[in-house]
2 protein chains.
Amino acid sequence: MNTLSYGLLSLLSFAPLSGYDLTQKIKPLWQAGHSQIYPLLASMEQQGYISYKLIEQTDKPDKKEYTITEAGLAQLRQWVEMPAEHPVLRDELHFKLYSLWLSEPQKAKELLYQRMEFCQSELDRYNEMLGGNETLREERGESHEPKATTFGRYMLIRKRIMDMESSLQFCKYALEELEI
Amino acid sequence: MNTLSYGLLSLLSFAPLSGYDLTQKIKPLWQAGHSQIYPLLASMEQQGYISYKLIEQTDKPDKKEYTITEAGLAQLRQWVEMPAEHPVLRDELHFKLYSLWLSEPQKAKELLYQRMEFCQSELDRYNEMLGGNETLREERGESHEPKATTFGRYMLIRKRIMDMESSLQFCKYALEELEI
DNA sequence: TTAGACATGTAACCAGTTACATGATTTG
DNA sequence: CAAATCATGTAACTGGTTACATGTCTAA
C-alpha cells in the first residue's frame, strides 16, 4: 500500500470506477500510467480493500467496475488522518532559470511563454472541474459543509487553481524583468 | 544525461563544487540523494563534461572539486534553450483533501496546520537564500540585468517564494472554510 | 475502413530512495 | 570518547515511464 494505492482508494471512496476510469481521473492529481494502476488494483483486490464486478456493455468493451470494501474504507480513513508527506516538485524550469545567464534573453522569454500556456490550460481544466463538482454536489443534494463528499474535492480544485494562478503571476513578473 | 545531470551542470556552471556540496545545494531544487549524484558525476567526468581536481584539506577530509568543461558548458547552453518539460508535483495532500469527508474536521485542520508549518519554514529558507544571492551579486560586481549570473538565481528564488506564499494562502483559506 | 476512444494487461527500463559501508576531522 | 559534520562510494529495492501486446466498439 503506497501513496498511489491510497489515491486509488480515495477516488473509489467517492464512486465506483473501472481501471480505465481511474487512469483518467487520477491524471490531474498524480502522474501514473495504466501500467502502474492495473497491477495495483489486482493486488488491492487480493488484499480485500476493493472488489469488482464485470460490467457487460454493448456500446463499449466490457469492463471491471471496482468498489471500495468496508476494509478498504477503514484503511483509507486511517490513512487520511495521518500527517501528509511533504510535497515533491520536480521542475526542469528551476534548473533552466539557474543557468539563465547562458541563454539568449529571447530564448528565456520563450521558456516563460511556454510555461504560461501550460498553466493557462491547466487553469481552464480546473475551472471546468469546479463546475462539474458543483453539478455533482447538487445531484447528491449536498451542502457546502466539510462533511459533504464534494467539500474536499472543491478544496482540492481551489488549491490547484491557486497554484496555477500563482505560477502565471510569476511568469508575468519574470517576463517584465526580462523586458528591461 | 538526464534532467538531474543537467541540474548538476547548472550548479557547476555557477561555481566549482564537490559532490558533497552538490548534494546540499541541489536539495531545494530537486529531490536527489548522494547515492544518485556520485555515480552521475563519475559518468559525466568520463564523458568529458566535467573534470575534477583533488583538494587536500587539513581541517576536513579531502575532496574532489568538480569544474564544468567547455564541452559541458556547450551541452548545458544547448539544453537551457530547449523547452522545459512540464513540472511534476506529487502531493499526498491532494488525495487527503479528496477524501476529506472521511476525516474528522479537527484532523483535517491538523493536516493543514502541518502543511502551513512546512511552507513557512521553506519560505524562511528561500528568504535567506535571497540575501545570500544579493551578497554574491555584490561580490561579483554584477548588476540586476538578465545577463548577470545572479539574475536567474534571483528569479528562481522569487518563484519558490511565490509558490510558498500561495500555498500558505490556500491553507489559511481552507482553515477558514473548516471553521464554519 | 481506418482512426480514435474504450478497455486491460505484461515486460523492460530508468529514476529515486533506503540501506550498507567506510573513513577523516572537529567540537563538546 | 561520542556525536556531528564532512566526504565518497555501492547495493538492493521501490516507484514510475515507455514499450509491447491484444482486443472491442463507434463514428467519420
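Reminder, nothing fancy here: chain letters follow the sequence lines and each chain counts from 1. Computation of the quantities below employed the complete heavy-atom set of this structure, encompassing side-chain atoms and omitting hydrogens, waters and symmetry-equivalent molecules.
Computed from coordinates, the Asn2(B) CG to dG15(D) C1' distance equals 16 Å when rounded to whole Å. The CG atom of Leu41(A) sits 12 Å away from the P atom of dT10(C) (whole-angstrom rounding). In this structure, Ile55(A) atom CD1 and dT24(D) atom C1' are separated by 16 Å, rounded to whole Å.
In terms of phosphate contacts, Trp30(A) brings no side-chain nitrogen or oxygen within less than 4.0 Å of OP1 or OP2 of dG15(D). Put simply, Gln31(A) has no side-chain N or O that comes within less than 4.0 Å of OP1 or OP2 on dG16(D). Between Arg90(B) and dG16(D) there is a side-chain N or O to OP1 or OP2 distance below 4.0 Å.
Remark: the Ser35(A) side chain and the dT18(D) base include a donor-acceptor N/O pair separated by less than 3.5 Å.
Partner Ile50(B) forms a side chain to side chain contact (heavy atoms under 4.5 Å, CB included) with one of Leu9(B), Thr67(B), Leu8(B) and no other, that one being Leu9(B). Of the candidates Leu22(B), Ile68(B), Ile26(B), Leu22(B) is the only one forming a side chain to side chain contact (heavy atoms under 4.5 Å, CB included) with Leu17(B).
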Solution key, residues 172-180 of chain B side-chain donor-acceptor pairs under 3.5 Å, sequence neighbours excluded:
{"from": "Glu179(B)", "atom 1": "OE1", "to": "Lys109(B)", "atom 2": "NZ", "distance (Å)": "3.4"}

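Taking the six-membered ring for Trp and the full ring otherwise, the centers of Trp30(A) and Phe95(B) sit less than 6.0 Å from each other.
Salt bridge status for Arg125(A) with Glu128(A): absent, with no side-chain N to carboxylate O gap under 4.0 Å.
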Give each protein N/O atom lying under 3.5 Å from an N/O atom of nucleotides 5-8 of chain C, with the pair distance.
{"from": "dC6(C)", "atom 1": "OP2", "to": "Tyr20(A)", "atom 2": "OH", "distance (Å)": "3.0"}
{"from": "dA7(C)", "atom 1": "OP1", "to": "Gln57(A)", "atom 2": "NE2", "distance (Å)": "2.8"}
{"from": "dT8(C)", "atom 1": "OP1", "to": "Lys64(A)", "atom 2": "N", "distance (Å)": "2.8"}
{"from": "dT8(C)", "atom 1": "OP2", "to": "Tyr20(A)", "atom 2": "N", "distance (Å)": "2.8"}
{"from": "dT8(C)", "atom 1": "OP2", "to": "Tyr38(A)", "atom 2": "OH", "distance (Å)": "3.2"}

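The two residues Cys171(A) and Met116(A) make their nearest non-hydrogen contact at CB-CG, 3.2 Å.
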